[in-house]
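To find a chain, count down the sequence lines: A is the first, B the second, and so on, and within it residues start at 1. Bear in mind the structure is a predicted one, so any value in this text is a computation, not a measurement.
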There are 2 protein chains.
Amino acid sequence: MLNTQEILDRMSEKGLRITDQRRTLAKLFAETDGYLSPKDVYEYMGRQYSGLSFDTVYRNLRVMHELGVLEQIVFEDGMKFRVHCAAGEHHHHMICLQCEKTYPIHFCPMPMTDVPGSFQVVKHKFEVFGYCETCQREDHPLKSGGNE
Amino acid sequence: MLNTQEILDRMSEKGLRITDQRRTLAKLFAETDGYLSPKDVYEYMGRQYSGLSFDTVYRNLRVMHELGVLEQIVFEDGMKFRVHCAAGEHHHHMICLQCEKTYPIHFCPMPMTDVPGSFQVVKHKFEVFGYCETCQREDHPLKSGGNE
DNA sequence: CTACATGCAAAGTATTTGCATTGCA
DNA sequence: TGCAATGCAAATACTTTGCATGTAG
């Protein structure tokens, strides 16, 4: 998983300017295990940048996603972001429905899935949802995170 | 997969009233293989009901989802609905990125996935995205459907 | 200095709610 | 006939865009 400096380097390489706000954003994502919604980010950033506007948050999330430093996934309650997992190691995730932290699953079902030759596979998704050890000790208010 | 009458019966059992509009909705979903967005539904229904309003479509989709006759899934471009797959046969789907039709995969990776005992599994998702035979013959304009 | 980043305001889109009217059961 | 379903209008998110100003490089 990328650290703060790696995120900034990556952005800088691609010609993006490193502003104070982007430095904070990079740090926030580097230090967060789970997913963050634009609102989460806005609220966190807002504590340090009084005049912060939502559109800047959205713009930065979008560029960082396009640039590949962030992953974007759509939960039932909206889109969320997290740092991109290090490239090269294909894996899937267990996602906690409570805290939304993710844990890697290195097993990939794809090779043993029997897909008819007539279907041209582009990508796949395998996600396991539940409650992580920490959250099991606490209560589980109903919260959604995915399907089936 | 439920047919028109089964959908209506199910709704009627639960105390919902069978209006003309709901009859058409049931038929639409019973005869559609892929996913439909609220907008798709609105446009289709609008051809037969001139004064149709969007909120009624949303309300009916919601009720039918809560009732279990429709499945709701969130794509990157919004939520979509389809008839609920017949109960009892656990399976996953291949989803065409072009036409959004789905094809069953009876293989389930869950039993062979090594989940630490400390993680309490609630549900899982395994989806394969690509292009179905029919759509491969045509062009593939960029279209989104899921992650990873 | 120049081009990109930001804040502000406003526009878009998607979805939900309140209320009066209509119509199924 | 009574209560749920509908249409209409307006409210509420959520996200994007245009433009003037500020600032990294």
All side-chain contact (heavy atoms from CB on, under 4.5 Å) counterparts of [X], not counting sequence neighbours:
{"X": "A:Tyr42", "result": "A:Leu52, A:Phe54, A:Val57"}
{"X": "A:Glu31", "result": "A:Lys27"}
{"X": "A:Glu43", "result": "A:Lys39"}
{"X": "A:Asn60", "result": "A:Gln21, A:Arg22, A:Leu25, A:Thr56, A:Val63"}

field: Residues in contact with DNA chain D, drawn from residues 40-61 of chain A - heavy-atom cutoff 4.0 Å
entry: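 Under 4.0 Å from DNA chain D: A:Asp55, A:Tyr58, A:Arg59.
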Contact residues, residues 10-23 of chain A to DNA chain D [heavy atom, < 4.0 Å]: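 Result for residues 10-23 of chain A: A:Arg17, A:Ile18, sorted by number.
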task: Verify the distance criterion only: is there a donor paired with an acceptor across the side chains of A:Asp40 and A:Ser37 at less than 3.5 Å?
output: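 Looking only at side-chain atoms, A:Ser37 and A:Asp40 do form a donor-acceptor pair, the distance falling under 3.5 Å.
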query: Do A:His65 and A:Gln72 meet the criterion of a side-chain donor-acceptor pair at a distance under 3.5 Å?
result: yes
Start and end of chain B contact along DNA chain D [non-hydrogen atoms, under 4.0 Å]: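 Boundary nucleotides touching chain B, in 5' to 3' order, are D:dG2 to D:dA9.
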- request: Please list all pairs passing the side chain to side chain donor-acceptor pair (under 3.5 Å) test where one or both residues lie in residues 105-117 of chain A, with sequence neighbours left out.
  value: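 Passing the test, one end in residues 105-117 of chain A: no pairs.
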Overall bend - the helix from C:dC1-D:dG25 to C:dA25-D:dT1, comparing terminal axes fitted on five pairs, nearest 10 degrees: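 Taking five pairs per end, the axes differ by 40°.
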field: ring pair (Phe, Tyr, Trp, His ring centres under 6.0 Å) partners of A:Tyr35, counting only residues at least two apart
entry: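 A:Tyr35: ring pair (Phe, Tyr, Trp, His ring centres under 6.0 Å) contacts with A:Phe75.
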- prompt: For B:Arg17, which residues count as a side-chain hydrogen bond (donor to acceptor under 3.5 Å, both in side chains) partner, sequence neighbours excluded?
  reply: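 Expected list: none.
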message: Using the side-chain hydrogen bond (donor to acceptor under 3.5 Å, both in side chains) criterion, which residues pair with A:Thr102? Sequence neighbours excluded.
response: A:Arg82
message: Can you tell me how far apart CG (A:Leu28) and CE (A:Met45) are? Round to the nearest 0.5 Å.
response: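 So the CG of A:Leu28 and the CE of A:Met45 are separated by 7.5 Å.
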